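This report refers to the structure that appears directly beneath it.
Since the structure is predicted, the reported quantities are computational estimates derived from the model, not experimental observations. Residue numbers start from 1 in every chain, and the chains themselves are labelled A, B, ... in the order their sequence lines are given, proteins ahead of strands.
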Number of protein chains: 2
Amino acid sequence: MTGLTPKGAATRARIVEGASAVIRDLGVAAATLDDIRAHTRTSKSQLFHYFPGGREELLLAVARFEAETVLRDQQPQLGNLTTWDGWTAWRDTVVERYRRQGRRCPLHVLTAHLGATSPGSQAVVTELMQHWQAEIATGVRHLHDAGEIDPRLDADTVAAAILAGIQGGVVIQMSTGSTRHLEAALDSALDHLRTSRLGASQLGASRSR
Amino acid sequence: MTGLTPKGAATRARIVEGASAVIRDLGVAAATLDDIRAHTRTSKSQLFHYFPGGREELLLAVARFEAETVLRDQQPQLGNLTTWDGWTAWRDTVVERYRRQGRRCPLHVLTAHLGATSPGSQAVVTELMQHWQAEIATGVRHLHDAGEIDPRLDADTVAAAILAGIQGGVVIQMSTGSTRHLEAALDSALDHLRTSRLGASQLGASRSR
DNA sequence: GCCGTTCTGGACTTGCAAGTCCAATTTTAT
DNA sequence: ATAAAATTGGACTTGCAAGTCCAGAACGGC
């Protein structure tokens, strides 16, 4: 696995990125190895050289690649959820990212396709979700520490709910083509956080720090 | 299309339901027409007799079938979102429904598969979402009219956010196998509604009832 | 009972996409 | 420089799944 010369590594990367593009265009089911081969200017033997497991292994590699992209596209805003301004900046980044992506979400399509056969893709998505949720939860704790939200809100649960809202917004966008649900989910979640303190203070909860 | 004798209609229904089961087991990609033929005790010619468009038309019919099931499984609770008790009963119904369904969501898998090639599946999902969201929005308006929530909350936006949370919870469940995110999304949304009135009253809104 | 229509069975064709193979070429190590 | 290892090209095989076809059975109106 590690025995890859720079040239080999470049070819491998070219294949993964090219496959990603082809899948974006044609969908997983329609994308054949020959399409990928043509689009990446490689040959059959190279495909199987770098991905001995064949098509499935290649698709899994593409899924990993897409998962990395998803998180990278949200930085640095995702790592900077320390103030309300930081939160709205992130919200806008996410919406814009998926607006640009349009109807087709390669990662969803890939995992829906692989999920049945290969357990590996579940692991890729699960890891992505854990990482993503952890970053959101960190942001919630910042608000928490700053006394900006109801201290009774559990950071992990809130983060899980926000993440679910995003995923659902994106999935719905795949059919409707609109980011309306994604925006509604994010805005509602932020409204929930913002207004939580008001209710808490009225109930006599302490407003720390 | 309408020229179907009872016997023919029964066979057609048997094919759709059988195909649904096969797809649930094997996934869309792996489910071949021969698998479906064997599982439904039919023949090739019947498949193409009832679905002249072949595999794709059959898959679309299955998607429609699954979409109907999704809504039916939530009734009558979904139509009864008039009180807080009604809302929590619905929340439990939804969670239980998806817990039973397990990791595999046939509708998501189908639409991810078809979405690329056939525009029809997008219509099926879009219609399902519209209907679903409309029912939720009606429930929100009930709370609204009863003065149970902040009157400034827009029913359609809130409903869109709740729907997104559900979809995302289900999608994440496909990878993790757990309904944790689905529950977090629903509970957070309900908490948002419940506590909204507190904030509103503090801001000078009337607290009715 | 007769005839047209609907429904059913299953063998057959066809096309294509995945995967194999081997030889040629380039890179890397010493 | 030279040999071993990594990389590349592309023709070839193979299997299988979608879709076609036609003949026969069951049904429905009159």
Side-chain angles (χ1 to χ4, degrees), chain A residues 1-19 21-23 25-63 109-110 113-114 116-118 120-121, chain B residues 1-19 21-23 25-63 109-110 113-114 116-118 120-121:
Chain A
M1 258 309 169
T2 55
L4 271 190
T5 65
K7 189 177 176 186
T11 303
R12 202 196 119 107
R14 196 171 81 243
I15 292 174
V16 171
E17 286 170 39
V22 172
I23 288 169
D25 285 352
L26 308 178
V28 203
T32 73
L33 292 187
D34 267 329
D35 292 329
I36 294 169
R37 191 190 50 65
H39 190 267
T40 56
R41 324 245 314 153
T42 51
S43 69
K44 260 309 181 39
S45 75
Q46 295 177 55
L47 258 41
F48 283 86
H49 176 82
Y50 292 106
F51 306 95
R55 179 185 163 85
E56 188 167 321
E57 186 178 342
L58 171 56
L59 293 186
L60 193 58
V62 174
V109 171
L110 270 167
H113 185 90
L114 288 174
T117 61
S118 131
S121 82
Chain B
M1 257 311 167
T2 56
L4 272 189
T5 65
K7 188 177 177 186
T11 303
R12 201 195 120 107
R14 195 170 82 244
I15 292 174
V16 171
E17 286 170 40
V22 172
I23 289 169
D25 284 353
L26 308 178
V28 204
T32 74
L33 292 187
D34 267 329
D35 291 329
I36 294 168
R37 191 190 50 65
H39 190 266
T40 57
R41 323 245 314 151
T42 52
S43 70
K44 259 309 179 41
S45 75
Q46 295 178 53
L47 258 40
F48 283 86
H49 178 91
Y50 292 105
F51 305 95
R55 178 186 163 84
E56 188 168 320
E57 186 178 342
L58 171 56
L59 292 185
L60 192 57
V62 174
V109 171
L110 270 167
H113 185 90
L114 289 173
T117 62
S118 136
S121 82

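- Of all nucleotides listed (D:dT7, D:dT20, D:dG9), D:dT20 comes nearest to the side chain of B:Phe48.
- Atom P of nucleotide C:dT6 and atom NE2 of B:His49 are separated by 8 Å, given to the nearest angstrom.
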Does the protein touch nucleotides 21-30 of chain C at the base, only the backbone, or not at all? Give it as B, S and - per nucleotide, heavy atoms under 4.0 Å. B----SSS--
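- B:Ser118 is linked by a side chain to side chain donor-acceptor pair (under 3.5 Å) to nothing, counting only residues two or more places apart in sequence or in another chain.
- Between the axis at the start and the axis at the end of the helix from C:dG1-D:dC30 to C:dT30-D:dA1 there is an angle of 30°, using five pairs per end and rounding to 10 degrees.
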Evaluate the criterion side chain to side chain contact (heavy atoms under 4.5 Å, CB included) for residue pair B:Leu33 and B:Phe48; output intermediate values, then yes/no. CA-CA 10 Å; B:Leu33 292 187; B:Phe48 283 86; 3.9 Å; yes
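- Shown here for A:Arg14 and A:Thr40, the closest heavy-atom pair between the two residues is NE-O, 3.0 Å.
- Close to C:dT8, at under 4.0 Å from its OP1 or OP2, lies a side-chain N or O of B:Gln46.
- Nearest heavy atoms, B:Thr32 versus B:Arg55: CA-NH1, 4.4 Å.
- In terms of position on DNA chain C, the residue among B:Ser43 and A:Gly53 whose nearest nucleotide sits closer to the 5' end is B:Ser43.
- Residues satisfying the side-chain contact (heavy atoms from CB on, under 4.5 Å) test with B:His39, not counting sequence neighbours, are B:Ala21, B:Val22.
- Legend: residues meeting side-chain contact (heavy atoms from CB on, under 4.5 Å) with A:Ser43, ordered by chain and number and at least two apart, are A:Ser45, A:Gln46.
- Remark: P of C:dT8 and CZ of B:Phe51 are 12 Å apart, rounded to the nearest angstrom.
- With sequence neighbours excluded, no residue satisfies side chain to side chain donor-acceptor pair (under 3.5 Å) with B:Asp25.
- Distances shorter than 4.0 Å separate none of the side-chain N or O atoms of A:Thr11 from OP1 or OP2 on D:dT7.
- For the pair B:Glu56/B:Phe51, no side-chain contact is recorded, criterion being any heavy-atom separation below 4.5 Å from C-beta on.
- Regarding contacts with the backbone of C:dT6, every side-chain N or O of B:Tyr50 stays at 4.0 angstrom or more from both OP1 and OP2.
- Not counting sequence neighbours, the partners of B:Val62 by the side-chain contact (heavy atoms from CB on, under 4.5 Å) test are B:Val16, B:Ala19, B:Ser20, B:Ile23, B:Leu58, B:Glu66, B:Leu110.
- Residues from residues 25-36 of chain A placing a heavy atom under 4.0 Å of any atom in DNA chain C, listed by number, are A:Thr32, A:Leu33.
- Judged as a salt bridge (Lys or Arg N to Asp or Glu O under 4.0 Å), the pairs with a partner in residues 37-46 of chain A (not counting sequence neighbours) are, in order, A:Asp34-A:Arg37.
- For A:Thr11, there are no side chain to side chain donor-acceptor pair (under 3.5 Å) partners, not counting sequence neighbours.
- Taking atom CZ of residue B:Arg37 and atom P of nucleotide C:dT8, one finds them 14 Å apart after rounding to whole Å.
- One can place CG of A:Leu47 at 11 Å from P of D:dG9, the figure rounded to the nearest angstrom.
- When the C1' atom of C:dA18 is taken as reference, atom CD of A:Glu57 falls 15 Å away, rounded to whole Å.
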